[in-house]
Amino acid sequence: MRIATWNVNGLRARLDYITRWLEDRQPDVVGLQELKTPDELFPHDYFKELGYEALVHGQKSWNGVAILTKVPATLTGTGVANQDAFGSRLITANIDDKVSFTTVYCPNGKNLEHADFAGKLGWYDDLTQQWQLLSDGPAHRIICGDFNIVPKAIDGWRGEAGEGSIFYTAEERSRLQTLMDTGLTDLFRHKYPYAQEFSWWDYRGGAFHRKHGLRIDFILATSGLIDLTEEIVIDRDYRRKIDDLTASDHAPVYADIAL
DNA sequence: ATGTCCTAACTATTAGGA
């Protein structure tokens with residue numbers, strides 16, 4: 001089973017680009033973030049023609065997450081408890097009764113002085129609490145998405161020079177670590193302990209070509225899935241322009257798991 | 001380097017992104 005995560009930066013503006021990627025990579029399950037699309041405008045029929053059912057937790061203008069799936073799936077939850085003010089950022093489904101699949105769009109935080117920074121930390125606290133409380137359903141669980149945190153210096157182009165700035169703070173990293181301490185493994189970092197690969201590059205200033213990126217999009221999985229993971233790829237070719245189609249500022253990330 | 005770029009929105013300028 002090929003599972004994936006992708007912050008598409010506007011689903012409707014990205015529809016043709018997303019189609020190219022789906023046809024080329026043929027993922028079975030995809031967590032999408034930053035739909036910027038209200039539920040009533042989600043193109044269910046379009047994805048159905050491509051072979052995907054869509055489970056959607058959207059909103060007007062901003063945020064929004066969805067799960068595309070080729071295999072039978074059941075929606076089991078949306079949203080982080082007590083965090084409605086941050087918008088639509090989490091959706092969970094049981095995939096074929098084999099794995100619980102969650103995708104998240106974690107808050108950005110803006111800057112260290114902004115109220116959203118403290119809010120980001122609180123959002124993570126509530127996410128972890130909710131994650132721990134979820135006890136029924138499949139034992140295999142995946143949470144993937146745009147986490148908006150650089151886990152280690154190697155995961156950002158600025159390296160050690162970035163330490164302490166937003167995305168690189170000890171406060172943010174401790175929140176991510178607390179979530180991981182519930183029994184989650186970063187599949188990319190586990191398979192490639194020393195690789196420097198990025199999943200996001202700023203649109204501005206030629207950041208992609210200057211290799212000024214961050215690795216902030218992860219697939220986190222429970223321990224039973226580690227040995228079942230055959231490959232994990234940050235698909236950076238799909239951060240490039242295709243013909244006249246503009247890419248998202250995030251690359252897709254996918255894993256092939258023997259489920 | 002608060003320069004740059006992209007999206008959505010009460011279509012023109014602004015907010016948000018990371």
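Protein chains get the first letters and strands the later ones, always in sequence-line order, with residue 1 at the start of each. It should be emphasised that the depicted structure is a prediction, and the values quoted were computed from it without experimental measurement.
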Against the side chain of A:Lys36, the closest entry in B:dG17, B:dA18, B:dG16 is B:dG16

Taking B:dG17, B:dC6, B:dG16 as options, the one with an atom nearest any side-chain atom of A:Asn108 is B:dG17

Looking across every strand, which nucleic acid part, if any, lies under 4.0 Å from A:Ile166 by heavy atom: base, sugar-phosphate, or nothing?
nothing

What do you reckon, are the aromatic ring centroids of A:Trp6 and A:Trp21 less than 6.0 Å apart? yes

For this session: Answer with base, sugar-phosphate or nothing: what part of the nucleic acid does A:Asn9 contact at a heavy-atom distance below 4.0 Å?
Result: sugar-phosphate

Discussion item. Would you measure the distance from the C1' atom in B:dG17 across to the matching atom in B:dT2 and give it in whole Å?
Written reply: 14 Å

| Got a salt bridge between A:Arg2 and A:Asp256, using NZ or NE/NH1/NH2 to carboxylate O under 4.0 Å? | yes

A:Phe117 CZ to B:dG17 C1', in whole Å, measures 17 Å

Charged N to carboxylate O under 4.0 angstrom, A:Glu40 versus A:Lys60?
-> no

With the side chain defined as heavy atoms from C-beta on, A:Ser61 is closest, among B:dA18, B:dA9, B:dC6, to B:dA9

Side-chain contact check for A:Arg204: nearest option of B:dG16, B:dA18, B:dA8 is B:dA18

From NE2 of A:His212 across to C1' of B:dC5 the rounded distance in Å is 16 Å

Separation of B:dG17 atom P from A:Asp202 atom CG, nearest Å, is 13 Å

Checklist entry - Under 4.0 Å between a side-chain N/O of A:Lys60 and OP1 or OP2 of B:dA15, yes or no? => result no

Original post:
Taking the same atom, C1', in B:dA18 and in B:dT7, what whole-Å distance lies between them?
Top reply: 15 Å

For a quick check of understanding: with a heavy-atom distance under 4.0 Å over all strands, which category does A:Asp146 fall into, base, sugar-phosphate or nothing? sugar-phosphate

Atom CD1 of A:Ile18 and atom C1' of B:dT7 are separated, to the nearest Å, by 13 Å

In short, A:Arg12 meets A:Leu41 closest at the heavy-atom pair NH1-CD1, 3.4 Å

